[in-house]
Amino acid sequence: MQAHPAGPRHAQMAQEPHAPVSTLDPVQSHVWPHSAERADSGELSIGGQGVVTLAAEFGTPLFIFDEQDVRQQARKFASAYLADNENGTVYYAAKAFLSVAAARWVAEEGLGIDVASGGELAIVIRAGIPGDKLLMHGNNKSQGEIRSALVYGVSRIVIDSFDEIVRVAAIAADLNVVAHVLVRATVGVEAHTHEFIATAHEDQKFGLSVQEGDVEEAVRRIAKLPSLNFVGLHSHIGSQIFDSAGFEIAAARVVSVAHAIYDTQGIVCQEFNLGGGMGIAYLPEDDPLSVRLMADQIKEIVNRECESVGIPVPALCFEPGRAIVGRAGITLYEVGTVKKVKLDHGERTYVSVDGGMSDNIRTSLYGAQYSVALVSRDSSNEPILCRVVGKHCESGDIVVRDAWLPGDITPGDLIAVAATGAYCRSMASNYNQIPRPPVVSVRGGVSQLVLRRETFDDLLALDPFAG
Ligand SMILES: *Cc1c(COP(=O)(O)O)cnc(C)c1O
């Protein structure tokens, strides 16, 4: 099984980083949006729009999305995962990045959407996504969130605890509707990824234990409640997964519980939802399985497992988030200061940008690694070892820990960090009262504002004493 960069490689980061493996222009690699191109001047363009122009119009830091890249990934997932699986659904995991426009892009390309809060639900409702395309998650959904979901007709509620069985049943009964539910199973599989984002150890907050018999007990309780309809099982094993090995173990365990449920309760699981977690390349050397191969292997594993225990293959559902939007988005920053610091061996150049941990928390939270490039001009200078840091009052405010940038990097240059489309804007904060950056989408040479930049007035509007 291939390891995630934040796993074993994370441990190497204390050592001297290697010089770049490739002398190719970094923006030519598969880490960058599909439409990324460099002009002769060295300026990067995305979707036919130059980043210098975009920075002048929208300011920096700026999230730029290649709309066609998002659409293309969504189409690829729909065609790969729904082939020979007509009753299945691919839900886009909205938490990776969500806005009204983004919800419409993925829905237009054939995906449903998985929401995990009332706020995410409100946005997809505003986008006009019908309830039968939606699924709701959460290990502690509020009464209000459950009620809103059922009123809107969200087609699947994923049950995460025994408490929630009673809660969802009561609200559905009160509304005089039947809630179609999945039971989230903790299958005891740890996907190879950074510990903080793995979600299928037994000792974690999500789901009901397969091993302890809690999944079977949940199905027993659900079956007794007329306002609930048990549809099937859910399993999500982690994030940034590069091959199908983890899914193989998870699928085997899900199939074996489904079999036990049929044997002891006579209840058929009509649907398996195997979650998301399909990985993307953050560094040029990252090599996740292609969408098609991953889909074929997972479906093949489920078919084989079902056949071996003698149950019909249910509809298969999936919830990719990062793999849909991750590569399509980049973050554009302006360099503000360049500072040399002596090390025991050589020196390091600290390149400070006009954002940081408020627009990308993944580096400090997970030790995530990113590719970064000078994108406003050409440079033939030798690359030097840099650390790209933000402007926050925190020494851990690092955007890219080890970056190779041209030796003449200087204030006023624009640099871009690749593959920030997932979990950057959606995890952004106002730390240091910094307004969150805007999101712009580009397509066919035309840019469009998707989320505007926050202003000081937005920040002050929350404070009743500011009036
Ligand atoms: C986060 C999450 C996903 C999406 O994960 P990605 O790694 O972005 O594909 C899907 N399902 C569940 C339950 C999740 O928590």
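Here the structure is a predicted model, which means the values were calculated and not measured. Note: hydrogens, waters and symmetry copies are ignored here, and every other heavy atom, side chains too, is used. Position 1 is the first residue of the sequence, and the numbers go up from there. Atoms within each ligand, like the ligands themselves, are counted from 1 in listed order.
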Do any N/O atoms on [X] end up under 3.5 angstrom from N/O atoms on ligand 1?
X      : value
Arg322 : yes
Gly275 : no
Ser239 : yes
Ala96  : no
Glu319 : yes

- [ ] Can you sort out the partners of Lys205 under side chain to side chain donor-acceptor pair (under 3.5 Å), two or more places apart, ordered by chain and number?
- [x] Asn139
Task: Lys141 and Asp163 ion-paired at < 4.0 Å - done: no
TODO: Identify whether the distance between the nearest side-chain nitrogen and carboxylate oxygen of Glu248 and Arg304 falls below 4.0 Å.
DONE: yes
- [ ] Test Tyr92 against Phe77 for ring pair (Phe, Tyr, Trp, His ring centres under 6.0 Å), laying out the working first.
- [x] CA-CA 10 Å; Tyr92 166 60; Phe77 269 82; over 10 Å; no
- [ ] Tell me which part of Phe206 gets within contact of ligand 1: side chain, backbone, both or neither, using heavy atoms under 4.0 Å.
- [x] neither
Task: Region of His236 that comes within reach of ligand 1 [heavy atoms, distance under 4.0 Å] - done: side chain
Near [X], which atoms of ligand 1 are under 4.0 Å from a heavy atom of that residue?
X      : value
Pro320 : 9 (O)
Tyr423 : 1 (C), 4 (C), 5 (O), 6 (P), 8 (O)
Gly277 : 5 (O), 6 (P), 7 (O), 9 (O)

TODO: Provide the full list of side chain to side chain donor-acceptor pair (under 3.5 Å) pairs with a residue in residues 414-435, sequence neighbours left out, each pair given once.
DONE: Thr331-Thr420, His392-Asn432, Asn430-Glu454
Task: Phe58 six-ring centre to Arg453 NZ/CZ under 6.0 Å and within 45° of normal - done: no
Task: Tyr91 touching ligand 1 at heavy-atom level, < 4.0 angstrom - done: no
Open item on the list: Just to check, does Ala323 reach to within less than 4.0 Å of ligand 1 when the distance is taken from its heavy atoms?
Closed with: no
Open item on the list: With side-chain contact (heavy atoms from CB on, under 4.5 Å) as the test, pick out the partner of Val399 among Val417, Val389, Ile415.
Closed with: Val417
Open item on the list: Would the distance check show the side chain of His236 and the main-chain N or O of Arg184 forming a donor-acceptor pair, the cut-off being under 3.5 Å?
Closed with: no
TODO: Give the single entry among Lys95, Arg184, His137 that approaches atom 15 (O) of ligand 1 most closely by any heavy atom.
DONE: Lys95
- [ ] May I ask you to test the Val210-Thr186 pair for a side-chain heavy-atom distance under 4.5 Å?
- [x] no
